[in-house]
Amino acid sequence: MTVDVDNILKDLRAAAKYFLLAEESFGAESMLQVTDGLIALSSHLPPQAQYTLNQLVGQAFAAQQRHDLIGLADYLNVELYDFIQQLDKQSVN
């Protein structure tokens with residue numbers, strides 16, 4: 001993969017931390033970086049992985065719209081993080 005997955009993972013953790021601390025403005029700034037990284041990553045994924053990524057991102061943004069900051073942090077820090085980490089491991093193998 002030519003996308004810097006480590007930066008995406010770092011940005012996911014940073015955004016999750018800000019949302020857990022109820023620092024929504026900083027979390028929103030981090031989410032811009034996450035979104036840019038996910039867009040770049042998505043173009044390198046097979047259709048099924050793109051579908052799963054879109055589902056996870058949709059769930060994260062739904063949590064953000066509900067102002068469910070703990071749920072949003074969970075999607076970023078666990079669901080999306082684990083999914084992207086697994087994709088990266090698969091691309092190495």
Exercise. Which heavy-atom pair separates A73 from F19 by the least distance, and what is that distance?
Worked result: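 The answer is CB-CB, 4.4 Å.
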
Problem set entry | Taking every non-hydrogen atom, the tightest pair across A40 and V3 |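 Looking at all heavy atoms of both residues, the shortest contact is O-CG2, 3.5 Å.
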
Exercise. Between T35 and M31, is there a donor-acceptor pair closer than 3.5 Å when you use the side chain of the first and the backbone of the second?
Worked result: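 Between the backbone of M31 and the side chain of T35 there is a qualifying donor-acceptor contact (under 3.5 Å).
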
For this session: Report the residues that fulfil side chain to side chain contact (heavy atoms under 4.5 Å, CB included) with L32, sequence neighbours left out, ordered by chain and then residue number.
Result: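 So L32 forms no side chain to side chain contact (heavy atoms under 4.5 Å, CB included) with any residue.
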
Problem set entry | Pairs involving residues 67-87, ordered by first then second residue, that meet ring-ring contact (aromatic ring centres under 6.0 Å, His included) (sequence neighbours left out) |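 Non-adjacent pairs meeting ring-ring contact (aromatic ring centres under 6.0 Å, His included): zero.
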
Exercise. Hey, any chance F61 and L76 share a hydrophobic cluster, counting ILVMFWY side chains that come within less than 4.5 Å of each other, even indirectly?
Worked result: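 They do share one cluster, since a chain of ILVMFWY contacts under 4.5 Å joins F61 to L76.
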
Exercise. Going through the distances and angles, do L80 and I8 end up as a side-chain contact (heavy atoms from CB on, under 4.5 Å)?
Worked result: CA-CA 10 Å; L80 267 169; I8 296 172; over 6 Å; no

So, taking the atom named [atom1] in [X] and the one named [atom2] in [Y], what distance separates them when rounded to the nearest 0.5 Å?
{"X": "D82", "Y": "L87", "atom1": "CG", "atom2": "CG", "result": "11.0 Å"}
{"X": "S30", "Y": "R13", "atom1": "OG", "atom2": "CZ", "result": "13.5 Å"}
{"X": "D88", "Y": "D6", "atom1": "CG", "atom2": "CG", "result": "6.5 Å"}
{"X": "L12", "Y": "Q33", "atom1": "CG", "atom2": "CD", "result": "11.0 Å"}
{"X": "Q50", "Y": "L41", "atom1": "CD", "atom2": "CG", "result": "9.0 Å"}

Exercise. Who else is in the cluster with F26 when I, L, V, M, F, W and Y are joined by side-chain contacts under 4.5 Å?
Worked result: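 Result for F26 is Y18.
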
Exercise. To which residues is I70 joined in a hydrophobic cluster, defined by side-chain heavy-atom contacts under 4.5 Å among Ile, Leu, Val, Met, Phe, Trp and Tyr, whether direct or through other members?
Worked result: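 Reading the cluster by chain and number, I70 sits alongside L20.
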
For this session: Scan residues 49-78 for pairs that pass salt bridge (Lys or Arg N to Asp or Glu O under 4.0 Å), counting only residues two or more places apart or in two chains.
Result: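 Non-adjacent pairs meeting salt bridge (Lys or Arg N to Asp or Glu O under 4.0 Å): R66-D68.
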
For this session: Just grab all the salt bridge (Lys or Arg N to Asp or Glu O under 4.0 Å) pairs involving residues 22-44, residues at least two apart or on different chains.
Result: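 Every candidate salt bridge (Lys or Arg N to Asp or Glu O under 4.0 Å) pair involving residues 22-44 fails, so no pair, neighbours aside, qualifies.
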
Exercise. Hey, does L69 have a side-chain heavy atom less than 4.5 Å from the side chain of L21?
Worked result: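 L21 vs L69: side chains apart.
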
